[in-house]
Engineer: 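Can you read through this structure? Questions will come right after.
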Amino acid sequence: MITLKINDKSVKVTEGTSIFEAAESIGCKIPALCYHRDLSVYGGCRLCIVEIKGRAGFPISCATPVEEGMEVLTHTPEICELRKNIFDLIIAYYPFECQLKCDSCATNKICELRQLAEEMEINELKFVPIARQGEMDDSSLALKFDSSRCINCGRCVRVCREVQHVGILTPSRRGPATQVSTFMDKGMGNVDCTGCGQCLLVCPVGAIQENFEINQVLAAIADPKKHVVVQVAPSVRFTIGEEFGEKAGVNLEKQMVTALRKLNFDQIFDTVFSADLTIMEESAEFIKRFTEGAKLPLISSCCPGWIRFAEDHLPELKDNLSTCKSPQQMFGALLKSYYAEKKGLEPKDIVSVSVMPCTAKKAECMRPEMIENGIYDVDYVLTTRELASMIQSRGMHLPELPEGKYDAPFGITTGAGLLFGVSGGVMEAALRTAYELITKEELPKIEFDDVRGLKGIKSAEIDIKGTKIKVAVANGLENSWQLLKHADDYHFIEIMACTGGCIGGGGQPISRDPDVLQKRKNGLYKDDKNMKLRKSHKNPAIQQLYKEFLGHPLSEKSHHYLHINADLQSPFIPK
Amino acid sequence: MPEHKYLKKFIEASPSGDFANLRKAVEYGRDKCLNELEISGLVGRGGAGFSTAAKWKFAWNSPDVVLICNGDEGEPGSFKDRYILENGAFLLLEGLLISAFMLNSSEVYLYIRDEYKDALEAFHKCLDDNLDLIVWYCEQVNPGFELKVVCGGGAYVCGDETSLINSLEGKRPHSRIKPPYPAEKGLRGLPTIVNNVETLSNLPLIIRDGGEKFSSMGVEGSRGSKLICLSGNVEKPGLYEIEMGKITLEEIIYTLGGGCPNGKLKFVIPGGTSTAVLAPDGLKIAVDYGSLRKAGTSLGTGAVIVADESVDALDAACNAADFFMSETCGICFPCKEGNRQIDHLLNLIRQGKGQESYLKLIQDVALTASCAARCGLGQSCGNMVTSLIDKFRTDFVGAKL
């Protein structure tokens, strides 16, 4: 342990801690823009400068490790003046419509420039604004990048490279023209972008955003000829409250259903149902491969960011990927077939909307293998944030809405399906079902603690009546890359592109709380525990679906609607 | 052809081309060589003036030290490295080999500015001419020795050693966060020593004459001779070798350079565009690192640029501002946005759209950059502009405001 003084207050921290973190630990917040706790030190914004007694100049606190007996000052008048100047210079070269006119700005909620302006008590801007031109990169189906808003803090560049092992973003050009861009300025849609949206989550100024599809959805709802159906992903209910000031991890499912109803969606379904369905298919696929000695490990395929990553970086694993569509796409396929039949509707009149914690889903639903005869399984994907903003723009305050219920025939769901929202969840749900299907006995302990938690790579050995099954789970693509170097050591692997799984998805509310994933995760596991049904194969609605329509898992019909049969192809689709 | 008053001596340090100094160094052994280097008091000639021996000591006991010779002479007004490469390549080669021997370094780079085609050719010719000796060196002295000559990509910021290292690694040339210093962790994470062409060219002289004799030249903190690149409005521009501390800036300009050809001298940039200018009343100043530092400026690379009355201070400031704005690496905010702001303000003034308060703003930006910027480029970018404003305020205020 190292003892030092920050602003005359004694602090004890472990060796290797930066001054910035040491100050944070005693509630002393040093302004910063490029710093991010999960990323490498960048040292670009220079806002976190401090004074160290006996040392010349103004070292940056994010890059300076603590030393025994150090005396640090963080907010002297001189430092504050320098910081204001730096901040002011950033604003001087920011789009003219900014200039801290936050009241009229669409991204003011998440903008760290605004927060810093408040923290640093910026009352006036002294430097002379400089006109700036930027370009909008809207080549991606998932994300768009407004370079005129970008301040070059490098967070997106680092998260893409360090956390996701993708690295499509880089500072390009030189000097004053420096900007974040992609290889040869091709645009995010034309390079190996997975669409995971982690860059969007760390961007301090909202320069990267999802491709909004709110207007298309509103237009579909307003069209009397269209039957608009919406499905909501498992994790959304635990996070959407944050956009309304609720704590992370609070389940607002019922209020959200009411909100969707008030937004005039015709039918409201729960993706948890199709998550249960995915488990039926995927565990059947696993058992089949395992017993027939076919190619293992089986690797989960519900995460579109991961699938895209696998295509670009790990094509050699293509035969290991489960052929199951993701729950979103399974649901979409059912809506335009089974549901349409049942309701007597033409598939082309159904507009299938999904609310996802994910930006990559926006691209997934446009993949050629998700379209049959011009009919898309899913037409539009909204992120958690987009839904929240739709609710807000109708003047509704979500936490205060009355409780509502999902519609039949997909109304019954299980805790297993709910677990899809968190890293390790797909694995746990699959094991709950696979165990019982293989042994025909009841599972002695339903929780698989080894695959739970926010660790990047988790592994376990499951004893199924004497047969040892080795499983592994990774979240975050860098972790996945590391794990998959040893793919052959396992029988079954779950991969989620985003840190923490879907609770940390690129479509989730943007939070600066370091414990937010923990809170969301805890909420989710608590609800699984309270569910009456906790195993997918015990879901009566699922059983009925098989009886009425699909037959049995891996049946011909299942394959037609719920699996991908074509060889994997790069999903690049020019807009 | 410009006149070189003392230069001949410098270039002829190793006249026979038989590596006599190198052989002597090998005879001494590396520790004795370091001792001589320490006694000599040699400091880096690239601008910072840091003790060469002190720098080398950081990596003295490390294996796999990488040695990089910085010949990316980007400072406007500086052409000393080019001269050494074109006319004294052998001196540099011998300096490089001695240094590599001393540092136990088998991986050596010479990073040459891409525009220096003739210099590159001259150095290659020197290598060809001395192939036998180099083979002897590789076999007997420094097994595994490899010298790579690399052409720079044209970024001024590569004068900063960490930027240069990034450039060598094939990365975008922007500075790294220090610490770790390159001597600890540099190229590919290996301990790396980066020195200027002129610095390393002094090594053969130190070995030949001994540290004692070298340090008898010059003054405390500035031992030995220094190459001065004299340019601008002078009769006899060119490269001069001077003994540091023993000649004033005025003497350099008038005695060596012959003074301004027409018109009166207005100001002098003593060490390149990153240094503060001196007015005529400030020229009676000894040319060495300490004296110039005391006068609020710097010897820098030794690029002395003379401006006469025909030069408008505002024009000169705009020129410098535009240069720094274009050459910032674009990573750190005070430098990138600061230089953009200075350039913008000066242009507004030039267009007659300025206000007197802008001059204060420029000084605020320069102060911010000097305190908070990440590398030497940013920290020194405002020196010339603010000193011009201080000394020639009327050129800025005058008719333009």
Engineer: Which of the residues His174(B), Gln379(B), Lys336(B) is involved in the greatest number of heavy-atom pairs with chain A at under 4.5 angstrom?
Structural biologist: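 Sorted descending by pairs with chain A, the first entry is Lys336(B).
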Engineer: Indicate yes or no: does Lys55(B) engage Glu161(B) in a salt bridge with an N to O separation below 4.0 Å.
Structural biologist: yes
Engineer: Would you say the ring centers of Tyr35(A) and Tyr42(A) fall short of 6.0 Å from each other?
Structural biologist: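 No.
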Engineer: Can you tell which part of Pro129(A) gets under 4.5 Å to a heavy atom of chain B, answering side chain, backbone, both or neither?
Structural biologist: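 Backbone only.
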Engineer: Can a salt bridge be assigned to the pair Lys126(A) and Glu81(A) using a cut-off of 4.0 Å between side-chain N and carboxylate O?
Structural biologist: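 So Lys126(A) pairs with Glu81(A) through a salt bridge.
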Engineer: Heavy-atom cut-off 4.5 Å, strictly under: side chain, backbone, both or neither for Leu361(B) against chain A?
Structural biologist: both
Engineer: Under 4.5 Å, counting heavy-atom pairs only, tell me which of Ala177(A), Pro176(A), Gly57(A) racks up the most with chain B.
Structural biologist: Pro176(A)
Engineer: Examine whether an atom of Arg172(B) lies under 4.5 Å from a heavy atom of chain A, and if so say whether it belongs to the side chain, the backbone or both; otherwise answer neither.
Structural biologist: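 For Arg172(B), side-chain heavy atoms alone lie under 4.5 Å from chain A.
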Engineer: Step by step, work out the salt bridge (charged side-chain N to carboxylate O under 4.0 Å, His left out) result for Arg350(B) and Asp315(B).
Structural biologist: CA-CA 8 Å; Arg350(B) 183 140 73 166; Asp315(B) 283 345; 2.8 Å; yes
Engineer: Taking Tyr156(B) as the fixed residue, which of Glu75(B), Glu73(B), Glu327(B) is the one that meets the side-chain hydrogen bond (donor to acceptor under 3.5 Å, both in side chains) rule?
Structural biologist: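 Testing each of Glu75(B), Glu73(B), Glu327(B) against Tyr156(B), the sole residue satisfying side-chain hydrogen bond (donor to acceptor under 3.5 Å, both in side chains) is Glu75(B).
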Engineer: With chain B, which of Val128(A), Ile90(A), Ile49(A) has the greatest number of heavy-atom pairs at distances under 4.5 Å?
Structural biologist: Val128(A)
Engineer: Using non-hydrogen atoms only, which part of Ile331(B) is less than 4.5 Å away from chain A: side chain, backbone, both, or neither?
Structural biologist: both
Engineer: Using a strict 4.0 Å threshold on nitrogen-to-oxygen distance, state whether Arg176(B) and Glu169(B) make a salt bridge.
Structural biologist: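 The answer is yes: the pair qualifies as a salt bridge.
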Engineer: Please determine whether a side-chain nitrogen of the Lys or Arg among Asp185(A) and Arg173(A) lies less than 4.0 Å from a carboxylate oxygen of the Asp or Glu.
Structural biologist: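 Yes, charged N to carboxylate O under 4.0 Å.
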Engineer: With only heavy atoms counted, which part of Thr170(A) is less than 4.5 Å from chain B, the side chain, the backbone, both or neither?
Structural biologist: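 Interface part for Thr170(A): neither.
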Engineer: Shorter than 4.5 Å, heavy atoms on both sides: which option in Ala63(A), Cys45(A), Gly154(A) has the most such pairs with chain B?
Structural biologist: Cys45(A)
Engineer: Between Thr328(B), Leu367(B), Asn339(B), which residue shows the highest count of heavy-atom pairs closer than 4.5 Å to chain A?
Structural biologist: Thr328(B)
Engineer: When only pairs under 4.5 Å are counted, which of Asp88(A), Asn152(A), Leu33(A) shares the most heavy-atom pairs with chain B?
Structural biologist: Asn152(A)
Engineer: Under 4.5 Å from any heavy atom of chain B, what part of Cys153(A) do you find: side chain, backbone, both or neither?
Structural biologist: both
Engineer: Side chain from CB out, backbone as N, CA, C, O: work out which of these in Cys329(B) comes under 4.5 Å of a heavy atom of chain A, or both, or neither.
Structural biologist: backbone
Engineer: Going through the checks in order, is the side-chain hydrogen bond (donor to acceptor under 3.5 Å, both in side chains) test met by Gln351(B) and Lys353(B)?
Structural biologist: CA-CA 5 Å; Gln351(B) 291 158 17; Lys353(B) 297 179 196 156; 3.2 Å; yes
Engineer: So, are Arg512(A) and Glu112(A) salt-bridged, with charged N and O less than 4.0 Å apart?
Structural biologist: yes
Engineer: Below 4.5 Å from any heavy atom of chain A, which atoms of Ala369(B) appear? Answer side chain, backbone, both or neither.
Structural biologist: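 Neither part; nothing is under 4.5 Å.
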